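Here is the structure we will look at.
Bear in mind the structure is a predicted one, so any value in this text is a computation, not a measurement.
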Protein chains: 2
Amino acid sequence: MTRRSAPPVTAAATRPGSHKETRPLRRDAEVNLGRILVAARDVFAEQGYDAPMEIIASRADVGVGTLYRRFPTKADLFTAVVESARQRNREIAEEVLAEVAPGEAVFEFVRRCISVPSVWRATTAAPPWGSKRGAGLKQIAPLIATIVDRSKAAGTLRPDVEVTDVVMVLKAVRSIADLCDTPSARPSLRFLELALDGLRPGHAAPTHPPLSIEQLARILSQG
Amino acid sequence: MTRRSAPPVTAAATRPGSHKETRPLRRDAEVNLGRILVAARDVFAEQGYDAPMEIIASRADVGVGTLYRRFPTKADLFTAVVESARQRNREIAEEVLAEVAPGEAVFEFVRRCISVPSVWRATTAAPPWGSKRGAGLKQIAPLIATIVDRSKAAGTLRPDVEVTDVVMVLKAVRSIADLCDTPSARPSLRFLELALDGLRPGHAAPTHPPLSIEQLARILSQG
DNA sequence: CCCAGACGGAACGTCTCGTTCCGGTTATGC
DNA sequence: GCATAACCGGAACGAGACGTTCCGTCTGGG
């Protein structure tokens, strides 16, 4: 613990003139920043917060020194990655809402969340220093709720499943995918089908009550 | 790396006269051995092979020295724990076969595997030094296959699910349970119900092929 | 009462990892 | 072209985590 509280160097890579005339990055530096973000996203998704900085650096074809020039601390890098993943996740929900037929909405939402490993992983990811509890989930929950409602109305989703159930399915499929999938084969797709079938109508109501959003948020933000 | 290859001190705790007149343990020592095994089972189940020996020791109310007097190496302790968990798992399968109606067999098997956290976890556990590939799974697979066949015959299980699908469900539910459950509440039971519903008849056949036992064994024994 | 055998837990050596530092390199404005 | 501010890579440092060892003390059971 030496520095802390240094400017997070937020990914101002969103093109020039971001806020206060911070001289734009040199071109090569900007390219590297992009690579770092991608590498960090993937590595954190694969190994969690414990992933060594050196792995991220080498994956980005960069020295560790370069990482620390952009992000004063590992925590800062992690935060940046998580925030961008959450945003991407919200976009996915909105796209589904806009593009997909109500009856297929939940199912397609889950499929899309799973198709990019890093997104859903990072969205619910929690760093050791237990940031604000469940911020990630609470931001997306309303969107998922809308998707769920539509599919229920369309009669393709069991009326007795809740948003939190969908999130649990997401977590479960993600864990199977992490376990089995390789770049060349994705056995988890079969499990995904089975799990989604469990959400379809035609089964006795579950005997155990659903988790509330708050409960689930608390769980996700600590474990 | 200094010793290695020392006698594993197999849990000869199976009462006196186990093999070659190894003087029986002093009573207090035997009690401690029991506590060590239980603690190690739980701790390894919770944290994986990376769990510090000191945690196991303190959970067993014992000094680390005592651990090393019984098991020359962390690896030896782990091996002993895993082997006993596998055996318990086989017993569960046999009990289900003997006690449960065919129609409920798979479902009850999954429920029982999940009800004791350490068992299924350890059964598919893999130490870093990648022991014999998938030995654990291959031992139980035939038993699960019998259970699956019975339930299919009874018409309560989709004819298109395979043994490997059941194992994946087991893994998935386990991961959710690890995430959510506490001594006082088990939200994963609801997810378990949903997941099992996905295995019931009345759905279109999955479009992706099942994993073979060999493939799954390979996956489990490395990740 | 004695002591082989058991016990606890401090100490040791190793290894991992976050972070720092600095000599060399390169984009960019003049 | 040139000067130079920004960059870059990656060795090195220090802290901490862990497996394992060691040794002084305690105790079950003959």
Roughly, in whole Å, what's the span from [atom1] in [X] to [atom2] in [N]?
X       : N      : atom1 : atom2 : value
B:Glu54 : D:dG16 : CD    : P     : 16 Å
A:Glu30 : C:dT28 : CD    : P     : 10 Å
A:Met53 : D:dG10 : CE    : P     : 16 Å
B:Phe71 : D:dG19 : CZ    : P     : 15 Å
A:Ile36 : D:dC7  : CD1   : P     : 11 Å
A:Phe44 : C:dG18 : CZ    : C1'   : 12 Å
A:Leu67 : C:dT19 : CG    : C1'   : 11 Å
B:Asp50 : D:dG19 : CG    : P     : 8 Å

Open item on the list: Can you work out whether A:Val62 or B:Tyr49 has the more 5'-proximal nearest nucleotide on DNA chain D?
Closed with: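 Mapping each residue to its closest nucleotide by heavy atoms, the 5'-most match is A:Val62.
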- [ ] Could you say whether B:Asp28 or B:Ala51 is positioned toward the 5' end of DNA chain D, judged by the nucleotide with the nearest heavy atom to each?
- [x]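 Result of the comparison: B:Ala51.
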Ionic contact status for [Y] with [X], cut-off 4.0 Å:
X        : Y        : value
A:Glu108 : A:Arg111 : yes
B:Glu46  : B:Arg59  : yes
B:Arg35  : B:Asp61  : no
B:Arg88  : B:Glu83  : no
A:Glu99  : A:Arg112 : yes

Please determine if a side-chain N or O atom of [X] lies less than 4.0 Å away from the OP1 or OP2 oxygen of [N].
X       : N      : value
A:Asn32 : D:dC8  : yes
A:Thr73 : C:dT19 : yes
A:Thr66 : D:dG9  : yes

Please determine, for the side chain of [X], which listed nucleotide ([options]) has the closest atom?
X       : options               : value
A:Arg69 : C:dA6, C:dA27, D:dG9  : D:dG9
A:Arg27 : C:dT28, D:dT21, D:dG9 : C:dT28
A:Pro52 : D:dC8, C:dG9, C:dG18  : C:dG18
A:Leu25 : D:dT21, D:dG9, D:dC7  : D:dC7
A:Val64 : C:dC7, D:dG10, D:dC8  : D:dG10
B:Tyr68 : D:dG9, D:dT20, D:dA11 : D:dT20
B:Lys74 : C:dC7, D:dC7, D:dT20  : D:dT20

- [ ] With rounding to the nearest 0.5 Å, note down the distance linking CG in A:Leu170 to CD1 in A:Ile114.
- [x]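 Interatomic distance, A:Leu170 CG to A:Ile114 CD1, rounded to 0.5 Å: 5.0 Å.
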- [ ] Report yes if a donor N or O on one partner sits less than 3.5 Å from an acceptor N or O on the other, where the partners are the side chain of B:Arg26 and the base of C:dG5; otherwise report no.
- [x] yes
Task: B:Asp61 or A:Ala75, whichever maps to the more 5' nucleotide of DNA chain C - done: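 This one resolves to B:Asp61.
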